[in-house]
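Read through the structure below, which is laid out as structure tokens, and then see the notes.
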There are 4 protein chains.
Amino acid sequence: MTEMRKSIPSLVKDPKLVEKRREQIIEAAVQLFISKGFHKTTTREIARESGFSIGTLYEYIESKEDVLYLVCDAIHSEMEKGIRSSIDASLSGAEMLKRAILDYLKVMDQMDEKVLLIYQETKSLTPEAKKYVLQKEEEITEIFADILRRGIEDGSLSLEEKSVNLMAHNIIVLGEMWTFRRWALRKHYTLEEYTEMQTSLLLRELQTT
Amino acid sequence: MTEMRKSIPSLVKDPKLVEKRREQIIEAAVQLFISKGFHKTTTREIARESGFSIGTLYEYIESKEDVLYLVCDAIHSEMEKGIRSSIDASLSGAEMLKRAILDYLKVMDQMDEKVLLIYQETKSLTPEAKKYVLQKEEEITEIFADILRRGIEDGSLSLEEKSVNLMAHNIIVLGEMWTFRRWALRKHYTLEEYTEMQTSLLLRELQTT
Amino acid sequence: MTEMRKSIPSLVKDPKLVEKRREQIIEAAVQLFISKGFHKTTTREIARESGFSIGTLYEYIESKEDVLYLVCDAIHSEMEKGIRSSIDASLSGAEMLKRAILDYLKVMDQMDEKVLLIYQETKSLTPEAKKYVLQKEEEITEIFADILRRGIEDGSLSLEEKSVNLMAHNIIVLGEMWTFRRWALRKHYTLEEYTEMQTSLLLRELQTT
Amino acid sequence: MTEMRKSIPSLVKDPKLVEKRREQIIEAAVQLFISKGFHKTTTREIARESGFSIGTLYEYIESKEDVLYLVCDAIHSEMEKGIRSSIDASLSGAEMLKRAILDYLKVMDQMDEKVLLIYQETKSLTPEAKKYVLQKEEEITEIFADILRRGIEDGSLSLEEKSVNLMAHNIIVLGEMWTFRRWALRKHYTLEEYTEMQTSLLLRELQTT
DNA sequence: GATGAATGAGAGTTCATTCAT
DNA sequence: GATGAATGAACTCTCATTCAT
């Protein structure tokens, strides 16, 4: 679990305060970005919703792009936390996978619009910030790769080594598509149906013969 | 094949000319949106790259959003055409599916950045335009649903009716993820490998026992 | 007479219009810079005094610094024109010098505040613009150097070659100090007195024995 | 030697401390103003370079303009001290003048950028502060006027009474131009050459017949 | 006496859109 | 049908100054 974050300089020295204020900023910005998009949200709106003045906002960030990075990073962390919490070392790989997918899709469903937000605005990040965000994305994918490898080892799952990475991506995309194609999927399926059907299809790919 | 498009008013009467000019606009705008994004592209740039003045641009559209719709619609049409061209009525459902996925992924690989563009900027469309774009998206999905149903009928594919729609979405997403996760996938797989592996996994889900 | 100017890009294509609008800008900006200084004058004020909107202002310049360059260049041109007009080829070097100083000081007295402006704001120019402005300054100095050399040649003035350049600078500074030390000098002397006394002192330095 | 200074109120009562802190402020501000100019230097920078917080800075001044006044006044004092130190009562007026010019130009050359600073930023002072600064300027000029008068009295210099003041200004300007026209003068002359040539020219104006 | 977080007016600049020619 | 100069609301960001601690 590599712990790497882009550090954003602040004019304010007290780290506790910086963290607190940035949490306020993130909370405000997430809502605004979700409802209006990054480009149509103004820095003044972010400041107002955060509960302080525009001048104060800029004591804690250097540019509007910083807010986007803060937001993307916070969402990713929330996602990662949600997924990791479901891991139970006592289960077989196959069981662990089912459980992890179940929880993952639940998290994605709850975080719905936040996930969509990352998905749509990552491109607006500065190249440097984008690197960090994509790295985080890969770390999250790796969680599923690890589970798959465990299942292969204990014989509960069948998959070629070369496909592990791809399958991990497929699982991640399962969750993402539930958010970005919800306009179509939710007309036909509930989250539970979606989860069950996708899990069932997936396990057919991984069945030991 | 429902043919429905949002009609965009033009000050110019001659329909031939309108079409010609809008093609110029689309060609210019696609490149600009790909390299700078919709919001960071100015109408002046669109006009200049289109080969005429800003005044003339506004003779053929009513707002910058119109250009985005024109672009999204054109990309979708190109995609659809690419996919439909691969359909060969003499094949079994299973064969047709393999062939269609092969061609679909090839098209998506070629249109790469254009697909990404639709994905990232659809949210900037006006609600009305977005409706049309999502409708088109569903029509494209329906192409695969039709192939799947054909395979079920002729016995070459096995799938519950309820899963047909979901499976069609899954196939579409297979193509999309090749573009929006390319930063990760292309480190590990070529298009050919990706196609083969995904097709093989998919067919395990659809195998007749 | 080298003719070199920094060219400032304009979004407007018609050169006649560009020249006309820039004259308006210069006229407005000179007054504003004189009364409030460059830094305390806002671009909005410049636009308003020029008679058009802020948007229009930026069709003719790229930045506020451009206005400063335009202003400095215009003032220098006016100065140079005023000085060159006094040159009469039929006079001896000494006579020509007297005449040129007389006219030069008259011009400087009339342009008073504009000269002061150049003096105080040249430092705010971009390095590139500053180069052009200082070059112009040297060209103007060279006018006097030429007159001095003529006087040396025809025997009406006595000065070592090495001192010609220095003396030319001294003459230029005579005019400048009349503007930037006016708060002291005008308490004691009229322009006529100042001119006469300085000319008389100067000629003592240049007298042929 | 009139001793008059604008008094700047301080929130701090202890005069020793006020003086010490203001020295720190001046030292920091001089460097900053020289390298960035008054307007482009922020109060935060001044505080940081002075070694204390922005809050503390405002305990010792009332506004940013106060810092400029403090700086101008300090530079003037340094200049004045440098000039006065060269006065040797045992010399004749003419000798004293030569010596004073020599020392004066040496001081101006050393203080170079500080002199330029006063010269360029005096205009940004409040009207009241400007009055004090110009008064100081006149006092310094008067030093040379006194020397000239002494030379007239002892017969070592020849000059009409009415020209004394003007000549004193001319001498001051000799030093100033060495700083503000250095971009041209230093291409041709060293300080020693400049001093010698200007002194020699000047003495021709003042020679007793 | 020292601190530094908070403020918000105001700066320079951009750009979608209009409309007279 | 084509042009492009004009517009001004709106944007991001800065910074001198204050005041509670």
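A note on names: the letters A, B, ... follow the listed sequences, proteins ahead of strands, and every chain is numbered from 1.
In terms of position along DNA chain E, the nucleotide closest to D/Leu11 lies nearer the 5' end than the nucleotide closest to the other residue of the pair D/Leu11 and B/Glu62. Annotation: of the two residues near DNA chain E, C/His39 and D/Tyr60, the 5′-most nearest-nucleotide partner is D/Tyr60. Each of A/Glu65 and D/Ile54 lies near DNA chain F, and the nucleotide nearest A/Glu65 is the one positioned closer to the 5' end.
The D/Arg44 side chain lies nearest to E/dA6 when the options are F/dC13, E/dA6, F/dA6. Counting only heavy atoms from C-beta on, A/Thr42 has its side chain closest to F/dT12 among F/dG1, E/dT18, F/dT12. Of the candidate nucleotides F/dT3, E/dT7, F/dC13, F/dT3 has the atom nearest to the side chain of B/Thr56. In the set E/dT13, F/dA5, F/dA16, the nucleotide with an atom closest to the side chain of D/Lys64 is F/dA16.
Heavy atoms only, all atoms of each residue included: B/Leu117 and B/Val30 are closest at CD2-O, 4.2 Å.
Counting to the nearest Å, the C1' atom of F/dA5 and the CD1 atom of C/Ile25 are 13 Å from each other. For B/Gln24 and F/dG1, the CD to P distance is 15 Å, given to the nearest whole Å. Put simply, CD1 on B/Ile61 is 16 Å from P on E/dC15, counting in whole angstrom units. Following rounding to the nearest Å, B/Lys20 (NZ) and F/dG1 (C1') show an atom-to-atom distance of 12 Å. For the pair A/Arg48 CZ and F/dT12 C1', the interatomic distance rounds to 15 Å; values are reported in whole Å. The separation between C/Asp14 atom CG and F/dT3 atom C1' is 12 Å, rounded to whole Å. Going from atom NZ of C/Lys40 over to atom C1' of F/dT14 covers 16 Å, rounded to whole Å. Rounded to whole Å, the distance from CD on D/Glu45 to C1' on F/dC15 is 10 Å.
Contact annotation: A/Thr43 side-chain N/O to F/dT12 OP1/OP2 distance is under 4.0 Å.
By the ring-ring contact (aromatic ring centres under 6.0 Å, His included) test, C/Tyr58 is found to be paired with no residue, residues two or more places apart in sequence or in another chain being considered. By the ring-ring contact (aromatic ring centres under 6.0 Å, His included) test, D/Phe33 is found to be paired with D/Phe38, residues two or more places apart in sequence or in another chain being considered.
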For DNA chain F, just give me the dot-bracket, please: Watson-Crick or G-U, both distances below 3.5 Å, ( ) intra-strand, [ ] crossing earlier pairs, | paired with another strand, . unpaired.
.||||||||||||||||||||
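A distance of 4.5 Å separates CG of D/Leu125 from SG of D/Cys72, quoted to the nearest 0.5 Å.
The list of side-chain hydrogen bond (donor to acceptor under 3.5 Å, both in side chains) pairs with a residue in residues 124-134 of chain D, not counting sequence neighbours, reads D/Lys6-D/Glu128. Residue pairs meeting the side-chain hydrogen bond (donor to acceptor under 3.5 Å, both in side chains) criterion with at least one partner in residues 59-74 of chain B, sequence neighbours excluded, are B/Arg5-B/Asp73.
Within 6.0 Å of CD on B/Glu121 lie more than 12 heavy atoms contributed by other residues, nucleotides or ligands. The 12-atom threshold is exceeded at NZ of D/Lys36, counting heavy atoms of other residues, nucleotides or ligands nearer than 6.0 Å.
Residue-level contact check: A/Thr41 touches the backbone only, with heavy atoms under 4.0 Å from sugar-phosphate atoms and none from bases. Contacts of B/Arg21 with the nucleic acid, taken as non-hydrogen atoms under 4.0 Å apart, involve only primed sugar atoms and P, OP1 or OP2.
Although no hydrogens or angles enter the test, the distance criterion places a donor-acceptor pair under 3.5 Å between the side chain of C/Ser10 and the main chain of C/Val12.
Of the charged side-chain nitrogens involved, none lies within less than 4.0 Å of a carboxylate oxygen, so that C/Lys40 and C/Glu45 do not count as a salt-bridged pair.
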Identify the pairs formed between an N or O of the protein and an N or O of nucleotides 19-21 of chain E at a distance under 3.5 Å, and give each distance.
none

